[in-house]
Amino acid sequence: MKPPRIALFDSGVGGLSLLNYLNQNLSGVTFLYYGDNANSPYGNKTKADIFSLAFDRLLYLSTFNPSVVIFACNTLSLTTLNEMSKLFDFPILGVFPPVESLMKNDCRTVLLSTQRTSEFYSSVSGLEVHPLLTLAGDIENNALSLSKICLTKHLKYIKEGMDNLILGCTHYLLLKNEIVDHLKPRKVYDGASNTLNMLAKYLQNLKTPVNHLENQIYFIGNSASFNKKIWFSVVKNIKI
């Protein structure tokens, strides 16, 4: 039996952080990575534009006969996953910030996200939502030189020292250590572990033989060579 073929779809390089996490915690699977770098970031686009981009890219991914597709992007997961799951015959999983589980009256919980993601959580009582309009784009444009990014510019209005910090964009995970150093939260969270749990449960239901072979990773699409370069030179050895 062939190993499961898991396709990750992101607006650009951010989803490489999720690929890294899944690759570190799974074995014996084939990963396909598609980054739509030419249209990155998605977080500031209209919902109609995101829907159109998602549909077209899923049509492309369907030609690879994926076992499952993962939206490696919080914006995609929140805006289009339910609709797209009804239009395609393969399962689609997403990545979501763990907001609900962290909401406690005696804690200060801060969510950093794109504009589109922030709209889903702006009405959550007690949650401090900060849409960072340009950080994902800054990371995308400086993927080979992340040290050039001035986090003070993006985070200057956020008071440090929160109980819980949620990174609600997979791009932000590429600067996780730097963001934590800047804001000094007691704990930091993202949606990667929840995605891993959902994927592991799905793979278990497939009843594929468990093996410990090294994962196979392929980069596809017009930006395949660029994303492969970022993977090997920047992301692969980062501990997410």
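- A distance of 11.5 Å separates CZ in Phe219 from CZ in Phe226, rounded to the nearest 0.5 Å.
- Considering every non-hydrogen atom in both Asn215 and Leu26, the closest pair reads ND2-O, 2.9 Å.
- Side-chain contact, His182 with Glu160: no donor N or O sits under 3.5 Å from an acceptor N or O.
- Contact between Leu133 and Gln115 at its shortest, heavy atoms only, is CD2-OE1, 3.2 Å.
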- For the pair Asn197 and Lys201, evaluate side chain to side chain contact (heavy atoms under 4.5 Å, CB included) and give the outcome as yes or no after the intermediate values. CA-CA 6 Å; Asn197 291 337; Lys201 184 178 295 186; over 6 Å; no

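- With hydrogens and angles ignored, the 3.5 Å screen pairs a side-chain donor or acceptor of Lys184 with a backbone N or O of Asp181.
- Shown here for Leu111 and Pro97, the closest heavy-atom pair between the two residues is CD1-CB, 4.0 Å.
- In terms of modelled atom types and a separation under 3.5 Å, the side chain of Arg116 and the main chain of Lys45 share a donor-acceptor contact.
- A heavy-atom distance below 4.5 Å is found between the side chains of Ser118 and Ser113.
- When atom types are taken as modelled, the side chain of Asn20 and the backbone of Leu16 share no donor-acceptor pair closer than 3.5 angstrom.
- For the atom pair CG (Asp10) and CG (Asn37), the distance works out to 8.0 Å, reported to the nearest 0.5 Å.
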task = Show your working on side chain to side chain contact (heavy atoms under 4.5 Å, CB included) between Leu93 and Val69 and close with a plain yes or no.
result = CA-CA 6 Å; Leu93 306 178; Val69 170; over 6 Å; no

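- In summary, Asp163 and Arg186 engage in a salt bridge, as defined by a charged side-chain N under 4.0 Å from a carboxylate O.
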Give the intermediate values and the outcome of side-chain hydrogen bond (donor to acceptor under 3.5 Å, both in side chains) for residues Thr170 and Ser17. CA-CA 6 Å; Thr170 54; Ser17 64; 4.7 Å; no

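- When all heavy atoms are compared, the tightest approach of His130 to Tyr157 is CE1-O, 4.3 Å.
- Linking ILVMFWY side-chain heavy atoms closer than 4.5 Å, directly or via other members, places Val29 and Leu196 in a single hydrophobic cluster.
- Taking the six-membered ring where the residue is Trp, Tyr60 and Tyr34 present tilted rings, their angle falling between 30° and 60°.
- One hydrophobic cluster, built from ILVMFWY side chains closer than 4.5 Å, cannot hold both Val99 and Ile158; they sit in different ones.
- Comment: Lys148 does not engage Asp138 in a salt bridge, judged by the lack of any side-chain N to carboxylate O separation of less than 4.0 angstrom.
- Within the model, atoms OH of Tyr33 and CG of Leu18 stand 8.5 Å from one another, a figure rounded to the nearest 0.5 Å.
- By the 4.5 Å heavy-atom criterion applied to side chains, Tyr172 and Ile166 are not counted as neighbours.
- Put simply, the side chain of Ile217 reaches to within 4.5 Å of the side chain of Asn23, judged on heavy atoms.
- Distance check: His171 NE2 to Leu146 CG gives 10.0 Å after rounding to the nearest 0.5 Å.
- No donor-acceptor pair under 3.5 Å is formed between the side chain of Thr75 and the backbone N or O of Tyr42.
- Minimum heavy-atom separation, Pro131 to Thr114: CB-O, 4.2 Å.
- In this structure, Ile6 is a member of the same hydrophobic cluster as Met198, with clusters built from ILVMFWY side-chain heavy atoms closer than 4.5 Å.
- The two atoms that bring Ala143 and Ile230 nearest to each other are CB-CD1, 3.6 Å, heavy atoms only.
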TODO: Check the pair Arg5 / Val68 against side chain to side chain contact (heavy atoms under 4.5 Å, CB included), numbers first and verdict last.
DONE: CA-CA 7 Å; Arg5 184 174 294 183; Val68 58; over 6 Å; no

Got a list of side-chain donor-acceptor pairs under 3.5 Å for residues 47-59, not counting sequence neighbours?
from  : atom 1 : to    : atom 2 : distance (Å)
Asp49 : OD2    : Thr46 : OG1    : 3.2
Arg57 : NE     : Asp36 : OD2    : 3.3
Arg57 : NH2    : Asp36 : OD1    : 3.4

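- Each of Leu135, Thr117, Leu165 was checked for a side-chain contact (heavy atoms from CB on, under 4.5 Å) with Leu112, and the lone residue meeting it is Leu165.
- In the hydrophobic clustering of ILVMFWY residues, with side-chain heavy atoms under 4.5 Å counting as a link, Leu76 and Tyr21 come out apart.
- The shortest distance between side-chain heavy atoms of Ile179 and Leu175 falls below 4.5 Å.
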Run the numbers on Leu199 and Leu22 for side chain to side chain contact (heavy atoms under 4.5 Å, CB included), then give the verdict.
CA-CA 9 Å; Leu199 178 59; Leu22 297 178; 4.1 Å; yes

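- In this structure, the separation between OG on Ser62 and CZ on Phe88 is 6.0 Å, given to the nearest 0.5 Å.
- The side-chain heavy atoms of Leu61 and Phe9, taken from C-beta on, include a pair separated by under 4.5 Å.
- A 4.5 Å side-chain heavy-atom check between Leu167 and Val188 finds at least one atom pair inside the cut-off.
- Using a 4.5 Å heavy-atom threshold, the side chains of Leu78 and Glu119 count as separate.
- Judged by distance alone, the side chain of Ser77 and the main-chain N or O of Val95 form a donor-acceptor pair under 3.5 Å.
- Transitive grouping of hydrophobic side chains (ILVMFWY, heavy atoms separated by less than 4.5 Å) brings Trp231 and Leu173 into a common cluster.
- Leu144 places a side-chain heavy atom less than 4.5 Å from the side chain of Ser233.
- Rounding to the nearest 0.5 Å gives a distance of 8.5 Å between SG of Cys107 and NZ of Lys187.
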